[in-house]
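For reference, the structure is listed below as structure tokens.
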2 protein chains.
Amino acid sequence: MEQNVIDASGLLAISTRLQRLSDQIRKDGLLIYKAFGIDFQPKWFPVLYTLYKKSTMSVVSLSDEIGYAHPSTISLLKELEKEKLIRSKKDKVDTRKRLIELTEKGTTLLSAMEPVWEVIIKATADITNTQNNLMKAINEVEAGLKEKTFLQRAEVYIKK
Amino acid sequence: MEQNVIDASGLLAISTRLQRLSDQIRKDGLLIYKAFGIDFQPKWFPVLYTLYKKSTMSVVSLSDEIGYAHPSTISLLKELEKEKLIRSKKDKVDTRKRLIELTEKGTTLLSAMEPVWEVIIKATADITNTQNNLMKAINEVEAGLKEKTFLQRAEVYIKK
DNA sequence: CAAATATACGTAGTCAGCTACATATATCAC
DNA sequence: GTGATATATGTAGCTGACTACGTATATTTG
């Protein structure tokens, strides 16, 4: 355990560690979809899954829902439109808004994916069900940060 | 708790969640350095800290140590060289190798940072010491993935 | 109801990592 | 000691998120 310098530095490199783990999981996620012969990219998940559950949404409300900055969502939407998985139309009441929804192709794909998700959920549960549950830890940390940022917490120690 | 669709989807969006948390911590990290009036970027940490602890290393061994692909390390090294925090020289025994080390400026900076790290360690401990410890969870998950990848675990459920 | 402000969407460019590929030098097998 | 292979470094370009900024439409305020 903890052979290299960075691991030994522990908390200091936490951001790096999180990113590395995120990348690794994303890449394996892609492989699982491929194993099922499904043309689906992990990065599409938040947008498509939200549309699947909530049908029609505007760009900004969708972004808020998935926790992305809206330009990130827009570039995903462009990609998904090219794949013909979603389409959009103007909101007649508020013409600034663009309402996004799944196409039939999109809905079909998402339904076909349900069994894949089950596999992913099981595999992830398998991995994260260790002494310290990763998902719960993330939730707890995010909740903590919402209450008081990292910087604010550090300031307590700086100022003394 | 768990108000939006993505949070409710839990495990499926784990990669996204990890990345978001990583970004957030990195940004706050930068602010902490600024609060100390130190010109230091969080992304420099792995390279500089490793050189601080191990003095001289080649590009590839440094990359292995910090867990980066070597081109990532090279671009960091370019930046650090411009900042005059590191320098490099050819290995006389194996002329393919480029040996990297901290300059005096680099060593001075790193020494000056020790108190900042202490603050960061305390603040991070503050955040991560919840019911499920994030660092421990990451360690456990990485150890688990080393043993058996995400894909291999998923295959068990696919094949049945 | 006109001016100020807020909201919705879009584009451009940044960032911190990556992969793929190229080249030079070492090492190994015979 | 030469040919095949492995290792060390480097360049180019990708990725998936971001911020900054601009424009158009709604909403609020005096």
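These values consider heavy atoms only, across backbone and side chains, with no hydrogens, waters or symmetry-generated copies. So you know, we letter chains A, B, ... as the sequences are listed, proteins then strands, and number each from 1.
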Within the structure, does a side-chain N or O atom of A:Y68 lie under 4.0 Å from either OP1 or OP2 of D:dC18? no
Counting only heavy atoms not in B:K148 (residues, nucleotides, ligands), do more than 12 fall under 6.0 Å from its NZ? yes
Should A:L109 and A:L102 be marked as a side chain to side chain contact (heavy atoms under 4.5 Å, CB included) after you check the CA-CA gap, both sets of side-chain angles, and the distance that decides it? CA-CA 10 Å; A:L109 175 65; A:L102 292 178; over 6 Å; no
Can you tell me if A:T95 touches the phosphate of D:dA26, counting only side-chain N or O atoms and a distance under 4.0 Å to OP1 or OP2? yes
Would you say D:dG10 has OP1 or OP2 under 4.0 Å from some side-chain N or O of B:R98? yes
Would you kindly give the CG-to-C1' distance between A:D91 and D:dT27, to the nearest whole Å? 15 Å
Let me know the distance between NZ of B:K97 and C1' of D:dT7, rounded to the nearest Å. 9 Å
Of the listed D:dT11, D:dA8, D:dT19, the closest approach to the B:K27 side chain comes from D:dT19
Separation of atom CG in A:L62 from atom P in D:dA17, rounded to whole Å: 13 Å
Mapping B:T73 and A:V60 onto DNA chain C by nearest heavy atom, which one lands closer to the 5' end? A:V60
From CG of A:D23 across to C1' of D:dC14 the rounded distance in Å is 13 Å
Just to verify, which of B:T50, B:D64, B:V47, B:I100 counts as forming a side-chain contact (heavy atoms from CB on, under 4.5 Å) with B:M57? B:T50
Would you mind reading off the distance between B:E81 atom CD and D:dG10 atom C1', rounded to a whole angstrom? 13 Å
Got a sec: does the CD of A:Q131 have more than 12 other heavy atoms crowding it under 6.0 Å? no
5'-most by nearest nucleotide on DNA chain D - B:L77 or A:R26: B:L77
Pair B:E147 + B:R153: basic N to acidic O under 4.0 Å: no
D:dA26, D:dT9, D:dA6: which one has an atom nearest the side-chain heavy atoms of B:S58? D:dT9
OP1, OP2 of D:dG10 versus side-chain N and O of B:K78: anything below 4.0 Å? no
With nearest nucleotide decided by heavy atoms, which residue, B:H70 or A:S75, maps closer to the 5′ end of DNA chain D? B:H70
Pairs meeting criterion side chain to side chain donor-acceptor pair (under 3.5 Å) with involvement of residues 31-43 of chain B, two or more places apart: B:K43-B:E79
With a strict under 4.0 Å distance from non-hydrogen atoms of chain B, what nucleotide opens and what nucleotide closes the contacted stretch of DNA chain C, reading 5' to 3'? C:dA16 to C:dA26
What is the distance, rounded to the nearest whole Å, between atom CG of B:D64 and atom P of D:dA8? 8 Å
Is the backbone of B:L85 close enough, under 3.5 Å, to the side chain of B:T103 for a donor and an acceptor to pair up by distance? yes
Mind checking whether B:Y52 and B:Y49 have parallel, tilted or perpendicular rings, split at 30° and 60°? tilted
With distance as the sole criterion, do the side chain of B:R96 and the base of D:dT7 form a donor-acceptor contact below 3.5 Å? yes
Quickly work out the A:K90 NZ to D:dT25 C1' distance and round it to whole Å. 10 Å
Provide, to the nearest angstrom, the distance between the CD1 atom belonging to A:I74 and the C1' atom belonging to D:dT19. 13 Å
